[in-house]
Structures are given as structure tokens and as C-alpha cells.
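Working notes for the structure below.
Proteins come first, then strands; the chains are lettered A, B, ... in the order of their sequence lines, and each starts at number 1. In this text, all values refer to a predicted model and were calculated from it rather than measured experimentally.
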Amino acid sequence: MTKIAQVIVDVPTMQTDTPFTYLIPLSLAETVQTGMRVVVPFGGGNRKVQGFVLQVLEKTEEELTALGQLKTISEVMDLSPVLNGELLDLAEMMKQTTFSFKITCLQTMLPRVMRADYEKWLVIVDEIPEDIYEQVFHCLDEIPFQEAVSSERVGELKKLKRENKLEVRYEVKARNKKKMVQGFRSLLSFEQAEEAKEDLRKTAHKQRKLLALLQQLEDKVCTLVDANKKYQVSRGVIQKGEENGWLELVEVEVKRDPYAYHTFKPSQPLVLNDEQQAACQAITTHIHQQQHKTFLLQGVTGSGKTEVYLQGIAEALKLGKTAIMLVPEIALTPQTVHRFKSRFGNQVAVLHSALSEGEKYDEWRKIEKKEAQVVVGARSAIFAPLENIGLIILDEEHETSYKQEDTPRYHARNIAIWRGKYHQCPVVLGSATPSLESRARAHKQVYQLLPLTKRANTKATLPSVNVVDMREEITKGSMQSFSETLLEKVQHRLDRKEQVVLMLNRRGYSSFVMCRDCGYVLPCPNCDISLTLHMDNLKMKCHYCGHEENIPKECPICQSHKIRYYGTGTQKVEEELQQLFPTASILRMDVDTTRRKGAHERLLKKFGERKADILLGTQMIAKGLDFPNVTLVGVLNADTALNLPDFRASEKTFQLLTQVSGRAGRGDKPGEVIIQTFNPTHYAIEYAKNQDYELFYRHEMQMRHLGNYPPYFFTVQIVASHEQEEVAARKSFELVRYLKQQLTPQAIVLGPTPKAILRIKNRYYYQLVIKYKQEPELANALRTILETSQKDYRQGLKITIDIEPNSFI
DNA sequence: GCCATAGGTGAC
DNA sequence: TCACCTATGGCC
């Protein structure tokens with residue numbers, strides 16, 4: 001019997017999107033297991049690629065010959081599997097539902113560092129002309145392949161390769177480096193150490209201390225850093241110890257712990273009110289009974305959803321089970337992490353984008369080694385390699401960031417429910433403003449609704465909300481960002497030493513440069529969009545392709561010098577605000593001020609300690625902040641999202657306004673919210689003003705029904721892009737024709753239309769949209785499109801399929 | 001993604 | 001007739 005392995009190779013194409021069979025060499029027969037990463041030779045040149053083992057099988061000699069000529073696995077990259085059976089199955093589901101390659105799905109589930117690094121070298125294997133050896137190879141045996149390609153003598157090198165005098169060598173490099181530090185281990189028994197102590201001179205305190213430490217360690221390893229910090233034994237003393245033969249120096253692995261220098265005060269479960277109690281009960285019953293069910297925990301802001309999560313997780317842990325808690329990236333603040341760490345201590349692993357690649361890898365391994373039972377993280381944390389999951393939670397389930405924007409375009413909510421079914425455990429979707437899809441499913445009893453209607457802090461009442469009609473402010477002649485009403489209210493809070501949060505809707509609020517004489521706006525040379533002014537480095541920047549240029553001094557069209565900054569970035573509003581309230585201390589929070597690691601945390605801490613009066617920021621301040629002294633929240637421009645040509649515009653506006661309003665009056669003092677808008681009668685704003693989700697939901701459902709939008713219809717978006725506009729356009733017309741022919745007459749195929757931003761990075765984008773209720777042939781049609789698109793791809797025509805896209809813009 | 005191969009083109 | 005190009009299929 002011979003062992004063979006089914007391997008998915010790291011070549012993301014349609015034709016290689018299937019398992020390949022490899023022989024397992026005798027030397028690795030006991031090592032190779034399902035779910036491990038391996039290095040295999042692939043293709044004509046036998047270049048080495050990374051692969052994932054899907055299956056290990058044993059074959060007889062006859063069976064083996066029937067399989068034809070097989071290649072052999074070169075090496076294994078892991079000591080133990082990195083993906084278990086569940087995650088391998090999950091990858092298959094993702095591939096099928098997102099129309100992406102298996103390899104891409106597998107890689108998505110692992111920390112980035114576990115993707116291979118490939119290196120290519122050009123190696124001399126036979127005599128080559130002296131001058132090439134000296135000039136190109138610099139008298140070395142091999143050079144990086146890239147160096148050879150960029151050399152002036154590529155032609156000659158190619159010829160030498162054909163004559164087998166040169167060879168290409170491929171290398172697969174593992175990037176998942178463990179962090180190693182110097183440590184030491186005792187070589188003495190307790191008695192020997194005791195004797196050594198006696199031989200010491202009386203004054204040798206430090207060495208005596210070291211010996212005591214060695215006795216305490218027994219055969220454990222101690223790092224030099226720990227010896228210094230915890231036991232005040234310095235490097236020199238340890239070196240002396242080594243010379244004396246007391247200890248040996250060793251390399252030890254340390255886990256990077258991003259929260260090592262934080263202290264977490266343990267917190268106790270809070271007393272739940274009736275509604276929280278009922279919700280918690282429903283969830284824990286399902287944990288106990290090992291029964292899957294999806295719950296929609298709909299609670300007004302401040303209703304204590306988090307405490308329900310915490311107690312649910314505690315229950316899972318009590319049963320020896322594990323739990324995943326997903327939080328949107330921007331809500332994954334130190335405050336949030338703190339709440340979980342202080343309740344569950346170091347059982348918690350945190351996964352989010354602010355961590356370095358190494359830190360992410362270590363947190364991942366902490367989970368994999370079962371050192372952590374609770375995982376708190378953003379979207380990709382849904383793939384945490386936990387076993388025996390008892391509870392999965394998605395907080396702020398309506399957040400669009402739960403859907404990945406590039407392939408595989410999975411939605412964390414779907415993955416969560418899949419894993420919930422696999423582990424037979426409850427899944428809790430929590431939100432104050434659920435997505436229409438989820439709320440409709442709760443209505444149809446697909447999910448079970450758990451309502452929380454009261455604020456947990458009984459003294460805290462829902463804030464009163466006022467809408468200010470900015471059209472009137474304009475006629476009054478005030479050209480500022482602030483209405484008189486808002487200014488009065490801010491002054492009032494400043495007088496009372498209370499705090500204010502002001503939010504700018506980022507979209508449409510970036511600054512651009514316009515000529516006052518001819519109206520010329522500086523465009524990006526690669527994209528159909530205007531450049532944005534960045535004050536931090538005084539450059540004009542394109543938000544889509546990253547193009548940068550200097551701020552023009554004169555208009556390139558009419559040479560006028562009357563070129564001015566338009567629009568209001570947070571910086572400009574900050575200046576305006578400072579002029580109006582010279583004595584107020586203002587904190588600005590936007591991409592510019594939070595770019596540096598930990599800046600986000602520092603700003604919030606400062607505000608929490610009441611070292612500032614006003615917090616001015618973009619959407620990032622709308623979520624999860626809990627500052628009891630904030631009694632006024634102002635939204636400077638509520639409409640910018642409303643005007644987008646997107647069927648979710650109203651929903652997003654309503655959600656944002658409700659979320660940000662929830663930041664006011666979380667303590668004992670009542671809160672107030674001011675919403676400035678040019679559309680005071682729009683239903684999204686009206687219902688947000690009354691904090692009435694139910695009415696908004698009903699109204700919006702009618703709108704969706706009229707427009708044949710989700711949740712009444714399923715949607716698929718297909719985008720074709722090419723450097724030449726007509727190629728992209730022609731392809732999308734062809735796709736529409738094909739789809740109309742494949743689908744039932746009930747399916748609605750819209751388009752093709754040019755995308756809202758036709759050109760990005762010098763590529764033209766055309767899209768088409770399919771709306772449908774039931775289309776048994778759709779999956780097949782999409783798969784066919786994917787297969788045929790492989791050919792187009794070589795001609796530079798890219799086609800992407802997005803199931804249930806976040807927007808059609 | 002990359003290589004080997006096939007079939008085409010032009011320069012002599 | 002060869003050198004060089006691009007388009008295309010296969011990779012275990």
C-alpha cells in the first residue's frame with residue numbers, strides 16, 4: 001500500500017481549481033495529514049507551489065498505476081494540520097456560494113503570514129561564457145530571477161537556459177515565523193544549587209538570587225527579559241551563570257501579546273432586567289440543548305446587548321464550550337476589548353486589522369492550541385479554528401463591513417449560521433437597527449426575535465432629537481457648517497462642563513480644489529473622480545488609485561489664481577469650531593489623526609477622561625462609544641448618504657443617525673441630539689428623529705417591494721472591466737443576452753450600465769444586476785460565465801460576480 | 001500562474 | 001530557414 005494525498009495547489013485559476021493527486025514519500029508517510037500545508041512540484045518546470053492537503057488515501061499498486069504518473073510531495077510546511085475537517089468543508093461551501101476558487105477560500109481562513117512567499121532564482125548548472133558569469137552573475141552561482149530578467153542580456157540567458165546550462169530554481173518560503181528570544185534552563189538539581197550557593201562569597205547577592213531562581217524554575221525555561229523584569233536578574237549575572245555551568249542558554253518562542261501591558265480589572269456579571277433575562281434564557285437554553293437557532297437580538301442603543309452576550313458566552317464556557325464574538329472593525333475599540341478581557345481574562349483572543357501580521361498569527365495559534373476559548377474579532381474572526389463552539393454572536397449585524405469587498409465575497413453572517421448548524425449551537429445577530437433582510441427573516445420566523453426595548457441604565461432615557469432645516473439656515477445667510485440652534489446648544493454644554501460629540505458624514509465631505517473663475521476641479525488622471533485635498537502632507541490625492549500631486553497655484557485651464565478649497569473636511573470644521581469657541585478644547589478623530597497605531601485609543605481615552613469638551617469625527621465615532629458625560633450629539637450633514645443612487649441609502653442613513661444619537665445621554669443626565677439636514681421631511685430622517693425602527697422598517701419594506709429590491713428579491717451583480725471602454729461594454733451586453741436566455745422570464749436583468757465611477761486606475765467598469773426570487777439555472781449560468789471568463793482574463797478583461805452586493809454603485 | 005508547445009510572421 | 005512572437009492548453 002502506498003499513501004497518496006489530494007492537494008489543492010496555490011494557483012488561483014479555473015482549470016486548477018480541483019484537487020491534484022500526489023505521492024507521499026516514505027519519509028513523510030507518518031507526517032502528512034489532512035489540513036496541512038505542503039510544498040509540491042507543479043507544472044512543466046516543476047516549480048514549487050504551496051498546497052493544502054484535502055485528503056490522505058492508501059492505494060494498492062494496481063490502483064496506483066491506474067492513476068498514471070504522479071509527482072511526489074516535496075515537503076510539509078506544518079507540524080500539525082492548520083485546517084480541521086469543519087473548516088475544509090466550510091471552504092467548499094464558500095467556493096460554491098461565492099463563485100471563487102477553493103485555494104482563495106482556504107487562504108482566507110488563515111492568518112496572512114501562512115500564505116507562502118515565492119522566490120525564483122537563476123542557477124548555473126554548466127559552463128557558461130566568462131563575461132556573463134562576471135557581468136550578470138557577479139561571479140556567483142545563482143542570482144534572483146528578477147535580476148536576470150531586467151538584465152540587458154536576457155536573450156543570451158534564455159539561450160543558455162535552452163541549452164540546459166542555466167536552470168530556474170523555485171523556493172517556497174514559510175513566513176509564519178515564531179518570535180524567538182534568548183532564554184535559559186537550569187542544569188543544576190535543587191541540591192546542587194544549594195551547594196553552589198554555599199560556595200559563593202557573602203557579597204555575591206546577585207548570583208545567589210540567580211541560583212534561587214534556578215531552583216524555582218526546576219526544568220522550565222525562563223526568558224532573559226522575564227528574569228530581568230520579574231526577578232531583577234540581569235544579563236551579566238546569567239552570563240556568569242553560564243560560565244559556571246549552572247545553566248544553558250536556549251532559544252525560546254514567545255507569543256506576541258498585543259495586550260501584554262494592559263491590566264484588566266476583573267468584572268462581575270451585571271443584574272439583567274426582564275427583557276435581557278428573557279433573551280439570555282432563550283439563548284442559553286439552546287446552548288444547553290445543543291440546538292441550532294438564529295436569534296435576532298434587537299435592542300435600542302444602550303439597552304445592554306453586550307451584557308447579554310457576555311452572560312451567554314459565560315454559559316457556553318461553563319459547559320466547556322467556546323464562543324465567537326464578531327464586532328465591526330470600527331467598533332473593535334479598546335473599550336470593547338476591555339469589556340471582554342475583564343470578564344474572561346486571558347481566555348480571550350482578539351483578532352483585528354490593527355494587529356501586526358505576527359501578532360495576528362500568535363493570536364490565531366493561541367486559539368488553535370486551545371489556549372483561548374473566546375474569540376473577539378472583526379469579519380475574518382468567523383474562521384477562528386475553535387472546536388466545540390457553543391455560541392456565535394454578530395454584534396451590529398447590519399454593518400456592511402461583514403461582507404468582504406473582494407474575492408471571496410463572503411458574508412460573515414452566512415458563515416456564522418453555517419458554523420452554528422455544524423456545531424449545533426445558537427447564533428445571535430444583535431443590532432439596534434437590524435438590516436431589513438434580517439428583520440424580515442425574524443418576521444417570517446426564520447430567526448427568532450429577542451426584543452430589548454428599555455435602556456439598561458434605568459436612569460438613562462432615550463435622547464430627544466431635533467431636526468434643523470439647513471435650507472432655512474442658508475436663507476438666513478449663515479454660510480457655516482453650524483446652525484444657530486446647534487451653536488446655542490454647544491455653548492450651553494460648554495457652560496455646564498458637559499461634553500459634545502459632533503459627527504461629519506464623511507462621504508461627499510472631502511475637500512476638493514476648484515477654480516472660482518472657470519469652475520475647473522482638479523481630476524485624477526487615472527480615474528473619473530476629483531482629487532481630494534490632504535492637509536497633513538499638503539498634497540492632492542485620489543482616494544481610488546492613490547495618485548498624488550501638488551496643490552496647484554493657478555488654474556491649469558484659465559490660469560486664474562482664484563483657486564480655492566471647497567467642501568469641508570474635518571480639519572476645516574475644526575478650525576471653524578475653534579474660532580466660534582476659542583476656549584473649548586476640541587479633539588478631532590478622522591483617518592488623518594488615527595492613522596498611527598494606538599492613536600485611536602489615546603484620543604478616546606483623553607475624551608473619556610474629560611480632557612476635551614468636543615469630539616469631532618467621522619462615522620468612526622458613531623459606534624460603541626459610551627461616555628456618560630456626553631449630553632449633546634450633533635450631526636452636521638445628515639443627507640450626504642441619502643443622495644447616493646443606492647437602494648440602501650435610506651437604510652444606511654437611518655442606521656447611522658440612530659447609532660450616533662445613541663451616544664447621547666448614556667449616563668444619568670438626559671441627552672439631546674441635533675440633526676442638520678437639507679431633507680427634513682425625508683422618511684429616514686423623520687423616523688430617525690422619533691427613534692422609531694418599526695415604522696421605518698414598514699415604510700422601507702414598502703419601498704423595497706415597489707422597487708423589487710431585497711429582501712423581496714435576491715440580487716447578483718456582475719462587473720466587467722477593461723482598459724478600453726468598448727471591450728468592457730461589449731462583454732457586459734453579451735452577458736446580459738446570455739443570462740436572459742438562460743433564466744426564467746421572472747428574473748429581472750438590469751443593464752448593462754457604466755458604473756458610477758466609470759474609470760478607476762485607467763480601467764473602465766460596466767455592471768449588470770440580476771434580481772430574482774427563484775432561479776434554478778442561475779448557479780449553472782454563473783459558473784459557465786466564470787469558466788469562459790478565464791479566456792477573457794488573458795485579454796485583460798476582468799469579470800467579477802458578487803452575490804448579494806452591498807450596493808449597486 | 002507559469003511553462004511548453006503550436007502556428008504565425010518577417011528578415012535574410 | 002531560423003529567430004521571435006502570441007495564443008492556447010495543461011498542470012497530478
So does A:E437 pair up with A:R648, basic N to acidic O under 4.0 Å?
yes
Scan A:E142, A:E167, A:E171 and name whichever one has a side chain to side chain donor-acceptor pair (under 3.5 Å) with A:W121.
A:E171
Residues A:K403 and A:D802 bridged, charged N to O under 4.0 Å
yes
DNA chain B: A:K161 or A:Q790, which has the more 5' nearest nucleotide?
A:Q790
Under 4.0 Å between any heavy atoms, over every strand shown, what does A:K48 touch: base, sugar-phosphate, or nothing? Just pick one.
nothing
Rounded to whole Å, how long is the line connecting atom CD1 of A:I103 with atom C1' of B:dC2?
16 Å
Ion pair A:K102/A:D17, N-O distance below 4.0 Å:
no
Salt bridge A:K370-A:E387, side-chain N to carboxylate O under 4.0 Å
yes
Contact class for A:Y118 (heavy atom, under 4.0 Å): base, sugar-phosphate, or nothing?
nothing
Parallel, tilted or perpendicular: rings of A:F42 and A:F20 (30°, 60°):
perpendicular
Examine A:F383 together with A:Y410 and report whether their ring centres are nearer than 6.0 Å.
yes
Span of DNA chain C engaged by chain A, first through last nucleotide within the 4.0 Å heavy-atom cut-off, is C:dT8 to C:dC12
Hey, can you pull the residues of residues 33-43 of chain A with a non-hydrogen atom under 4.0 angstrom from DNA chain C?
A:F42, A:G43
Salt bridge present between A:K360 and A:E363 (N-O < 4.0 angstrom)
no
